[in-house]
Enquirer: 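Provided herewith is a single structure, encoded as structure tokens, for subsequent inquiry.
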Amino acid sequence: GDVYKRQDKVKFVAAIGVVLIHVFAFIDSAYNEPLIELQWPRAIFNYAVPLFFAITGYILSSRTNEYMLKYAGSVLRLFISISLFYYVVSLLMAGLEAWLYEEPVMDAVMVIFRSKSWRQFAQGTIGSYHLWYLWASFLGISCLYGLNKIINSPRILIVSVFALYLVSLYCLQNGLLTDILRYGGFPKALMYTSIGYYVGVQGDYWKYNWRVLIGWIFVYVVTFGFFYQGEYIELLFIPVIYLVITFFNRYKGQETVIAKLGDYSDQIYLLHALGINVYGLLLFVFPKLQIHSLPIRVVLITLFATVFSLLVYIPLNRFYLEPMQQWLK
């Protein structure tokens with residue numbers, strides 16, 4: 001209904017934000033260009049994953065607590081399925097890259113095989129680095145379900161979750177539990193999922209004009225981009241996410257092209273990392289694809305990864321993801 005219409009617009013924009021973050025990281029490593037000058041644009045794109053979490057929480061707020069548990073199970077099944085896919089692909093890609101570079105294929109494959117450990121499992125990155133989002137989301141939703149069972153007040157719940165999030169930021173700031181909390185882990189997922197859930201349950205309306213939202217975004221971007229001071233900078237983003245979700249709770253969206261594109265946001269998120277890797281291989285095979293203009297390079301790789309994701313998802317979902325998730329269920 002209207003909930004999905006107004007949120008899907010944002011999901012699509014958030015998905016593109018995630019792609020851009022990883023495109024910048026790819027350019028940084030593949031082209032050996034430290035992108036210090038792009039610190040502030042990356043600060044803008046960092047809204048993407050917290051917004052995904054918050055939208056999930058907002059949608060779950062209109063469902064029963066038991067549905068929340070079932071939803072967590074579906075996220076876990078997707079995580080297992082796509083992680084196995086990426087794990088097999090990583091072995092194949094390692095072998096292919098070794099063959100292209102005329103290196104021992106089996107040695108390259110065994111390096112990938114031996115590199116997997118409990119750390120990747122705990123982080124949710126055993127298949128691919130970007131899949132931590134699904135693992136964290138599963139844990140966050142499961143924790144929210146448990147907290148709902150024992151805490152009746154939404155305000156007490158959000159305060160409790162915030163306290164846990166503060167502890168996790170302290171740990172990351174001081175190098176504690178980094179194997180588990182890399183990228184923010186489940187405390188980050190729980191924090192932003194709970195924000196969306198809290199707004200949905202409380203029915204908070206847009207209490208501030210757009211200048212407040214723009215002001216908070218400006219403070220976050222400037223602080224992150226030019227005066228980065230560690231993990232606690234994340235705290236500045238909480239009001240931004242809260243204000244965005246309350247805005248969408250107040251104003252119902254219309255069925256637009258961008259809203260329809262939101263249906264593809266999950267597909268883009270799941271497979272864009274593979275698209276970027278394939279682009280990297282194409283660069284090696286076809287050196288003429290090298291582009292010197294940074295803006296054009298960013299746009300081209302982002303478009304390639306996005307279109308690649310949408311094309312590959314159709315057969316992958318039909319012949320692997322759906323059957324695999326049904327079997328796991």
Side-chain angles (χ1 to χ4, degrees), residues 4 7-26 42 44-60 71-72 74-87 89-90 120 123-141 182-186 188-190 192-193 196 237 241 244-245 258-280 298-299 301-318 320-322 324-325:
Y4 291 95
Q7 304 296 337
D8 276 348
K9 298 175 187 179
V10 190
K11 283 183 70 178
F12 178 74
V13 177
I16 298 300
V18 172
V19 177
L20 283 165
I21 288 173
H22 295 149
V23 166
F24 287 151
F26 167 77
R42 287 199 62 180
I44 298 175
F45 303 136
N46 278 346
Y47 73 86
V49 171
L51 206 48
F52 266 122
F53 288 136
I55 289 171
T56 298
Y58 182 74
I59 292 173
L60 288 175
Y71 186 85
S74 67
V75 174
L76 178 60
R77 289 191 293 275
L78 177 59
F79 168 72
I80 293 172
S81 303
I82 197 70
S83 291
L84 284 172
F85 168 76
Y86 265 102
Y87 181 66
V89 166
S90 66
Q120 283 79 31
Q123 295 165 3
T125 58
I126 198 158
S128 177
Y129 59 90
H130 72 296
L131 298 179
W132 75 272
Y133 162 79
L134 289 175
W135 178 241
S137 185
F138 160 69
L139 294 176
I141 295 169
R182 190 179 181 189
Y183 306 118
F186 84 91
K188 184 172 186 174
L190 179 59
Y192 289 106
T193 303
F237 215 49
I241 298 299
V244 168
I245 297 299
I258 297 179
K260 291 177 181 178
L261 288 174
D263 295 338
Y264 303 109
S265 58
D266 293 334
Q267 303 171 18
I268 294 170
Y269 190 96
L270 290 176
L271 292 174
H272 75 275
L274 178 59
I276 293 173
N277 287 341
V278 169
Y279 186 89
V298 169
V299 171
I301 301 174
T302 302
L303 282 174
F304 180 87
T306 302
V307 174
F308 177 91
S309 303
L310 298 177
L311 292 177
V312 171
Y313 182 84
I314 297 172
L316 180 68
N317 186 54
R318 180 179 178 183
Y320 172 70
L321 286 178
E322 281 190 356
M324 183 64 176
Q325 290 176 83

Enquirer: For F308 and F304, take the angle between the two ring planes, folded into 0 to 90°, and tell me which bin it lands in: parallel under 30, tilted 30 to 60, perpendicular over 60.
Expert: parallel
Enquirer: Which pair of non-hydrogen atoms, one from G280 and one from F26, has the smallest distance, and what is that distance?
Expert: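 What the structure gives for the nearest pair is CA-CZ, 3.7 Å.
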Enquirer: Using every non-hydrogen atom in the two residues, find where T306 and T302 come nearest and quote the distance to one decimal.
Expert: OG1-O, 2.8 Å
Enquirer: Tell me the closest heavy-atom pair linking A189 and T193, and the distance in Å.
Expert: O-OG1, 2.6 Å
Enquirer: For S81, does its backbone N or O pair with a side-chain atom of Y320 as donor and acceptor, under 3.5 Å?
Expert: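 It does hold such a pair.
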Enquirer: Is the backbone N or O of H272 less than 3.5 Å from a side-chain atom of S309, with the two atoms forming a donor-acceptor pair by type?
Expert: yes
Enquirer: Is the shortest side-chain heavy-atom distance between M324 and L84 below 4.5 Å?
Expert: yes
Enquirer: Hey, are the side chains of Y269 and V49 touching, using non-hydrogen atoms and a 4.5 Å cut-off?
Expert: yes
Enquirer: Rounded at 0.5 Å granularity, tell me how far CZ in F186 sits from OG in S137.
Expert: 13.0 Å
Enquirer: Would you say H22 and H130 are linked by a side-chain donor-acceptor pair, where the criterion is simply a distance under 3.5 Å?
Expert: no
Enquirer: Find the distance between OG1 (T56) and CG (L51) and round it off to the nearest 0.5 Å.
Expert: 9.5 Å
Enquirer: Please report the shortest heavy-atom distance between Y87 and I126, naming the atom on each side.
Expert: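 The pair with the smallest heavy-atom distance is CD1-O, 4.0 Å.
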Enquirer: As a quick check of understanding, evaluate ring-ring contact (aromatic ring centres under 6.0 Å, His included) for Y133 and F52, giving each step before the final call.
Expert: CA-CA 9 Å; Y133 162 79; F52 266 122; 5.6 Å; yes
Enquirer: Check the surroundings of atom CZ in F79: do more than 12 heavy atoms from other residues, nucleotides or ligands lie under 6.0 Å from it?
Expert: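 Check passes, neighbour count above 12.
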Enquirer: Rounded to the nearest 0.5 Å, what's the gap from CG on L131 to CG on L78? Could you check?
Expert: 8.5 Å
Enquirer: I241 and Y192: which non-hydrogen atoms are nearest, and at how many Å?
Expert: CG1-CE2, 3.7 Å
Enquirer: To the nearest 0.5 Å, what is the distance between CG (N277) and CG (L271)?
Expert: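 It is 11.5 Å, given to the nearest 0.5 Å.
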Enquirer: Return yes if some donor-acceptor pair links the side-chain N/O of E322 with the main-chain N/O of R318 below 3.5 Å, else return no.
Expert: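 Not at all, since once roles are kept as given, no pair shorter than 3.5 Å links the two residues.
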Enquirer: Grab the two heavy atoms, one from G17 and one from A48, that are nearest each other, plus how far apart they are.
Expert: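 The pair with the smallest heavy-atom distance is C-CB, 4.1 Å.
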Enquirer: Passes side-chain contact (heavy atoms from CB on, under 4.5 Å), I268 versus F12? Steps please.
Expert: CA-CA 9 Å; I268 294 170; F12 178 74; 3.9 Å; yes
Enquirer: For the pair K188 and W132, evaluate side-chain contact (heavy atoms from CB on, under 4.5 Å) and give the outcome as yes or no after the intermediate values.
Expert: CA-CA 11 Å; K188 184 172 186 174; W132 75 272; 4.3 Å; yes
Enquirer: Can you measure from CG (L76) to CG (L134) and round to the nearest 0.5 angstrom?
Expert: 9.5 Å
Enquirer: Could you grab the distance from atom OH of Y86 to atom CG of L274, nearest 0.5 Å is fine?
Expert: 5.0 Å
